[in-house]
Amino acid sequence: MPWARAFASCGSSAIRPARCVGAGVANNAPIGVFDSGVGGLSVLGEIRALLPAESLLYVADSGHVPYGEKSAEFIRERCRGIAAFLLGQGAKALVLACNTATAAGVAELRELYPQLPIIGMEPAVKPAAAATRSGVVGVLATTGTLKSAKFAALLDRFAGDVRVITQPCPGLVERIEAGELNGAATRALLQGYVAPLLAEGCDTLILGCTHYPFIKPLLRGLVPASTSLIDTGAAVARQLQRCLGERQLLAEGAPRAACFWSSGDTGRMQAVLPLLWGEAAAVHGF
Ligand code: DGL
């Protein structure tokens, strides 16, 4: 889709192998993906669906989740540490599968690793502005994303005449981390965030946090059938494909597995993987 590039951007347009993995980087080197927790698995799933031959490394920084209420400097420090770890594992590209981490840290990572493909993500303001019929769009995202300069610039650039109402959702990420995608408490919390947006006439809702696609079925039951729900995971996967393709770094061959790390409770992540990733897997300590 033509708008994909607007919110899933690549670090460097130069077609060169990444310095950190050296000239002649192998196509079958892994892709490093991370998030504050398990939310980025929604993006990882899109990457797996589009690029099954890629070997995937995933770090959930669940020991520090949620990022949404933390300072930008704290998140940048986490991004630096996780990126260094993934590059140490031989990653040929990085995906910040987190809107909040992108807002705080993607610019610094691109400065640190100017030749590395680095894909970040932003709330899908441009497609939402194009899709709305009522002229009112709601953005569900973290406080950190919504108060960032990057988000303000996104609105300036793409909102146009559309009225964009932002809604931070504290507490929601924690419920999703716990695998509580359908329970009464999650429903009540979400209802409280969505009802004011509907009352204002929103007919399009942006899921501006990678955790939220996991509660899309719940959300779907709380809004009119005509409401558009827009998230960016698939567009990020396409942008990654484009970036790797430009550098002749796409892997080929049989599907490869993913490896998982968590800075939090590895047993807890292992327990929710079948629900959020569709299969069981070992989770290592990070
Ligand atoms: N999944 C993240 C995002 O896309 C961050 C959630 C959080 O840790 O607050 O913004």
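Whatever order the structure lists ligands and atoms in, that order sets their numbers, starting from 1.
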- Task: Do me a favour and list the nearest non-hydrogen protein atom to atom 9 (O) of ligand 1 with residue, atom name and distance?
- Result: Gly68 N, 2.8 Å

- Message: Heavy-atom pairs closer than 4.0 Å: do any link ligand 1 to the side chain of Ser36, the backbone, both, or neither?
- Response: side chain

- N/O to N/O below 3.5 Å, does that happen between Gly208 and ligand 1? no

- Task: Mark the output for Cys98 as yes if a heavy-atom distance to ligand 1 is under 4.0 Å, and as no if none is.
- Result: yes

- Message: Looking at ligand 1, would Gly39 count as a contact under a 4.0 Å heavy-atom criterion?
- Response: no

- Item | Lys/Arg-Asp/Glu bridge criterion (N-O < 4.0 Å) met for Glu122, Arg157 | no

- Hey, can you tell me if His284 and Trp261 have their rings parallel, tilted or perpendicular (30° and 60° cut-offs)? tilted

- Query: Does Val65 approach ligand 1 within less than 4.0 angstrom via side chain, backbone, both or neither, non-hydrogen atoms only?
  - Reply: side chain

- Message: Among all the protein's non-hydrogen atoms, which is closest to atom 7 (C) of ligand 1, and how far away is it?
- Response: Tyr67 N, 3.3 Å

- Please check if the side chain of Lys70 supplies one atom and the backbone of Pro66 the other of a donor-acceptor pair under 3.5 Å. yes

- Provide, to 0.1 Å, the distance between atom 10 (O) of ligand 1 and the closest protein heavy atom, together with that atom's residue and name. Thr100 OG1, 2.5 Å

- Does the Arg256 side chain pair with the main chain of Ala53, one donor and one acceptor, at a distance under 3.5 Å? yes

- Item | Of the listed options Leu41, Asn99, Thr102, closest to atom 3 (C) of ligand 1 (non-hydrogen atoms) | Asn99

- Task: Apply side chain to side chain contact (heavy atoms under 4.5 Å, CB included) to Ile165 and Val139, showing your working.
- Result: CA-CA 6 Å; Ile165 306 175; Val139 188; over 6 Å; no

